[in-house]
K.L.:
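Below: one structure in structure tokens.
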Amino acid sequence: MAYCTTCTRTGVSSKCRVDFQFEKNNMEHRTDEISTKRLIVRRGQIFNIKVDFTDGSNLEMTKFRLIFETGPKPSTAIRTKIVVPFTKSIDFKRWSAIISSSTKSEWCLAISPSPEAMIGYHRLILQHTDDEDVKHYLGNFVVLFNPWCSEDEVFLNSDLQRDEYVMNETGIIYAGATEDISFFSWNFGQFEEDILDICLKILDNAPKYLKNPNQALQKTGSSVYIVRTVSAMVNSKDDKGVLQGKWKEPYTDGVYPGKWNGSVAILRQWSNTDYQPVRYGQCWVFAGVTCTVLRCLGIPTRVVTNFDSAHDTDANLSIDTYYDVEGNNMAETRDSIWNFHVWNECWMRRSDGHSGYDGWQAMDATPQVKSDGVYQCGPASVKAIKEGKMDMKYDLPFIFAEVNALCVKWLVDKDGLKVMNMDDLKIGQNVSTKSCGSDKREDITSYYKYPDGSSEEQLVFERANRMQNMPKEDRILSLSITTDKVLYNGKPFVVTLVVSNNTSEKKDCSLLFQTNKRRYTGFSGPQVKTIKQEITIAPNEVKVIDLTLDYEEYGRFLDMYNLMTLILIVIDLSSKRKTAVIKDITLINPPLTIKIPMGPVVLNTKLNAEISFLNTFPDTLKDCVMTLEGAGLIKGEKQINFADIEPNQTATVRYDFVPYKSGMKRLLVDFDCDKLQDVKGSLNIVVQDK
């Protein structure tokens with residue numbers, strides 16, 4: 001497809017000049033944010049061009065037709081061709097063209113791409129009907145999906161939603177844990193001019209296109225095909241995809257995933273290095289880049305976060321994790337429960353035999369399991385996920401498990417396996433996305449599942465053949481772990497252990513409390529603290545034990561997640577029966593403060609930003625760097641290194657930039673140092689035209 005990226009007004013033929021009316025057409029097609037120097041149109045919508053014949057010939061109109069070609073190069077046979085005769089009126093259901101007016105030397109043409117047109121570059125030719133060798137090459141243009149066109153399968157009948165899910169160049173991604181949801185801004189930047197060409201390169205580098213270009217070209221009008229291709233190509237597992245995933249240190253040969261503020265730098269690096277995968281990404285990075293690509297191509301897309309997300313690789317709808325009596329996670333099995341997992345939803349009408357399941361479709365570019373032999377996932381109807389339609393395309397059972405699997409934690413000792421916790425309500429919590437038209441969090445859990453305990457939920461589980469009611473051991477002891485609701489990184493905090501004796505007998509017990517760092521993928525990291533002690537609990541007594549975790553203990557293990565697992569195991573010494581409980585916590589980083597001068601912010605006028613950070617840690621922060629980014633505000637990324645920050649000292653960084661696009665924009669800042677990673681901040685800025 002990628003045979004040209006620019007068009008010219010003159011010199012396209014020895015006998016004619018063409019005016020593609022870039023600015024007018026692109027504004028009407030809502031692509032002027034990408035460029036006004038080339039023609040970019042949306043399918044199912046008219047665009048107008050003028051053709052001037054330099055020899056003044058009054059060509060016989062009925063003797064000419066238009067040819068639309070797509071393919072990698074004009075000279076290759078790998079090309080598709082659509083022949084469009086001039087008619088008296090536009091037919092919006094197919095490729096159509098009319099001569100709206102004419103003079104002796106000029107034709108005004110109105111052209112409408114089919115609402116099912118192939119996405120990408122098109123070559124426009126004016127050809128004589130009686131002699132095919134008589135033709136005028138008029139130029140090249142790009143066709144995108146059109147969510148404003150009711151005949152297009154990505155049609156979204158809401159201006160507010162189209163503004164959010166197609167036109168918004170920034171967004172919010174949610175992270176953290178179920179009980180402690182955090183968020184950060186992301187720069188999608190889909191309307192930076194070079195990003196469109198990079199997105200089309202992604203399609204051209206897909207293995208199915210490289211293997212059979214003609215066949216792949218025929219499918220590029222299908223939103224399902226495009227979404228599935230992008231899902232496969234944003235990760236690099238089995239192709240020349242954009243991002244290489246990595247979930248463990250070290251990241252010294254690349255960029256650690258939390259460093260990224262947006263998609264633009266990633267896509268440019270991939271394009272500029274001959275399609276070498278960019279190192280490194282994790283789920284939110286894959287989802288952010290996917291959102292950029294699909295919004296750029298015109299498919300309404302949003303980023304979605306699922307908390308306590310199951311990765312059920314063996315498809316049994318049960319996630320089993322195993323701990324020894326010392327509280328250690330025994331093995332990193334393929335199944336896991338992620339604190340959070342980020343994927344995408346895209347809006348489309350299903351034209352592949354799944355009528356009645358239009359609307360939001362879940363898809364995921366994070367490489368987890370193969371689908372049709374490739375690391376790709378979706379699109380799966382969110383409505384079908386909720387109803388447990390396990391036989392529907394694409395990869396619906398895997399996504400169903402992410403929000404519905406059983407969570408079973410086993411204690412392993414010399415006597416065998418014991419269920420220490422089984423939770424059929426844990427998985428799939430607080431499914432979150434940025435609200436349409438605001439920066440608030442929208443909880444969309446009800447789109448994925450029925451209320452817990454409802455008859456509808458029971459029916460769905462039966463339909464999905466999910467195991468239920470696994471027998472639990474009667475407990476003579478009840479355990480719980482509590483902490484303050486908000487825990488600040490760099491500060492000590494108290495953990496409260498509660499052990500309840502539910503019997504009328506005194507219990508002598510052995511207590512083990514252990515704290516581990518935790519990756520967000522659910523697997524344990526280094527051990528932070530271990531406490532062992534003997535306790536006696538009177539009949540029906542509730543014993544409360546307060547412990548303090550100091551920064552000096554957990555701060556030794558720098559990572560980007562700030563997550564920890566707390567595990568409590570109590571053994572009744574007389575019966576040897578074991579009871580355990582696990583709690584995950586998230587530490588909150590100190591905030592960044594971003595300020596700009598009072599008064600209007602004007603297009604193409606210098607603006608000064610002031611970014612401040614208060615060091616609330618007991619240590620001096622070294623190797624300090626801030627990274628700034630913002631579509632329409634700063635071209636590319638800007639890194640600023642600055643001096644060490646002493647305890648209780650505030651560091652202030654000032655940076656001048658010139659906004660180059662008007663409208664609501666967002667400045668994004670990432671702060672890193674030797675003790676902290678991924679401190680994020682952002683500020684919305686309204687840029688006014690002069």
Side-chain angles (χ1 to χ4, degrees), residues 172-184 186 247 257-258 282-285 287 303-311 319 321 323 327 329 335-343 366 402-405 407 409 421 423-434 440-445 448-449 452 479-491 493-497 513-526 528-529 549 554-555 557-568 580-591 676-680:
I172 291 174
I173 299 177
Y174 294 93
T178 300
E179 297 178 357
D180 190 11
I181 297 174
S182 59
F183 64 90
F184 52 89
W186 190 265
W247 284 264
Q282 291 180 6
C283 66
W284 67 90
V285 188
V303 178
V304 171
T305 301
N306 177 42
F307 291 92
D308 289 320
S309 186
H311 284 231
I319 306 299
T321 52
Y323 295 83
N329 194 331
D335 280 3
S336 58
I337 301 170
W338 295 26
N339 267 41
F340 66 92
H341 180 52
V342 187
W343 62 69
T366 300
E402 289 184 300
V403 295
N404 283 302
C407 170
K409 290 183 171 65
N421 182 266
D423 196 341
D424 59 359
L425 304 179
K426 176 179 175 63
I427 300 299
Q429 299 296 312
N430 298 331
V431 184
S432 301
T433 190
K434 176 186 178 296
K440 295 180 180 179
R441 183 180 70 89
E442 180 183 357
D443 192 304
I444 57 173
T445 310
Y448 280 85
K449 53 203 296 190
D452 293 329
L479 311 181
S480 68
I481 303 173
T482 61
T483 63
D484 292 335
K485 187 172 183 180
V486 180
L487 306 174
Y488 292 100
N489 194 10
K491 300 289 187 182
F493 60 90
V494 174
V495 177
T496 300
L497 311 179
F513 172 75
Q514 183 168 300
T515 307
N516 286 3
K517 293 287 285 187
R518 185 179 194 269
R519 297 196 295 275
Y520 85 97
T521 53
F523 298 128
S524 294
V528 174
K529 186 171 187 174
L549 278 173
Y554 66 78
F557 308 103
L558 174 68
D559 65 18
M560 69 184 73
Y561 309 111
N562 295 334
L563 300 172
M564 287 192 284
T565 294
L566 312 178
I567 182 167
L568 173 62
V581 65
I582 293 176
K583 180 180 178 66
D584 297 321
I585 60 173
T586 305
L587 304 182
I588 305 300
N589 284 327
L676 276 171
Q677 290 181 317
D678 313 325
V679 180
K680 303 288 188 181

K.L.:
Would you indicate whether Glu442, at its atom CD, is surrounded by more than 12 heavy atoms from other residues, nucleotides or ligands within a distance under 6.0 Å?
P.N.:
yes
K.L.:
Would you confirm whether Lys680, through its side chain, and Trp186, through its main-chain N or O, come within 3.5 Å as a donor-acceptor pair?
P.N.:
no
K.L.:
Between the main-chain N or O of Phe340 and the side-chain N or O of Ser309, is there a donor-acceptor pair closer than 3.5 Å?
P.N.:
no
K.L.:
With a 4.5 Å limit on heavy-atom distance, are the side chains of Glu402 and His311 in contact?
P.N.:
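They are in contact (side-chain heavy atoms under 4.5 Å apart), so the answer is yes.
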K.L.:
Mind checking whether Thr483 and Lys583 have side chains closer than 4.5 Å, heavy atoms only?
P.N.:
yes
K.L.:
What distance do Leu479 atom CG and Leu568 atom CG have between them, rounded to the nearest 0.5 Å?
P.N.:
5.0 Å
K.L.:
Rounded to the nearest 0.5 Å, what separation is found between the CD1 atom of Ile427 and the CG atom of Asp308?
P.N.:
6.0 Å
K.L.:
Sequence neighbours left out, what passes side-chain contact (heavy atoms from CB on, under 4.5 Å) with Pro591? Give chain and number order.
P.N.:
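Partners of Pro591 under the side-chain contact (heavy atoms from CB on, under 4.5 Å) test: none.
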K.L.:
A side-chain contact here means heavy atoms from C-beta on lying under 4.5 Å apart; do Val528 and Lys517 qualify?
P.N.:
yes
K.L.:
Could you tell me whether the side chain of Ile582 reaches within less than 4.5 Å of the side chain of Thr565, counting heavy atoms only?
P.N.:
yes
K.L.:
So among Trp343, Tyr520, Tyr174, which one has a ring pair (Phe, Tyr, Trp, His ring centres under 6.0 Å) with Trp284?
P.N.:
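Output: one option passes, namely Tyr520.
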K.L.:
Can you find a side-chain donor-acceptor pair between Ser432 and Asn430 that sits under 3.5 Å?
P.N.:
no
K.L.:
To the nearest 0.5 Å, tell me how far Asn589 CG sits from Asn562 CG.
P.N.:
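Here the rounded value is 4.5 Å.
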K.L.:
So for atom CZ, which belongs to Phe184, do other residues, nucleotides or ligands contribute more than 12 heavy atoms lying within a distance under 6.0 Å?
P.N.:
yes
K.L.:
Can you sort out the partners of Tyr554 under ring pair (Phe, Tyr, Trp, His ring centres under 6.0 Å), two or more places apart, ordered by chain and number?
P.N.:
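With sequence neighbours excluded, Tyr554 shows a ring pair (Phe, Tyr, Trp, His ring centres under 6.0 Å) to Phe493, Tyr551, given in chain and number order.
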K.L.:
Shortest non-hydrogen contact from Asn306 to Gln429?
P.N.:
OD1-N, 3.7 Å
K.L.:
For Gly176 and Ser182, work out which heavy atoms get closest and say how close.
P.N.:
N-OG, 3.6 Å
K.L.:
Step by step, work out the side chain to side chain contact (heavy atoms under 4.5 Å, CB included) result for Ile588 and Asp180.
P.N.:
CA-CA 9 Å; Ile588 305 300; Asp180 190 11; 3.5 Å; yes
K.L.:
Compare all side-chain heavy atoms of Leu549 with those of Leu566 and state whether any distance is below 4.5 angstrom.
P.N.:
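Heavy-atom side-chain distance check passes, below 4.5 Å.
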K.L.:
Is the shortest side-chain heavy-atom distance between Trp338 and Gln282 below 4.5 Å?
P.N.:
no
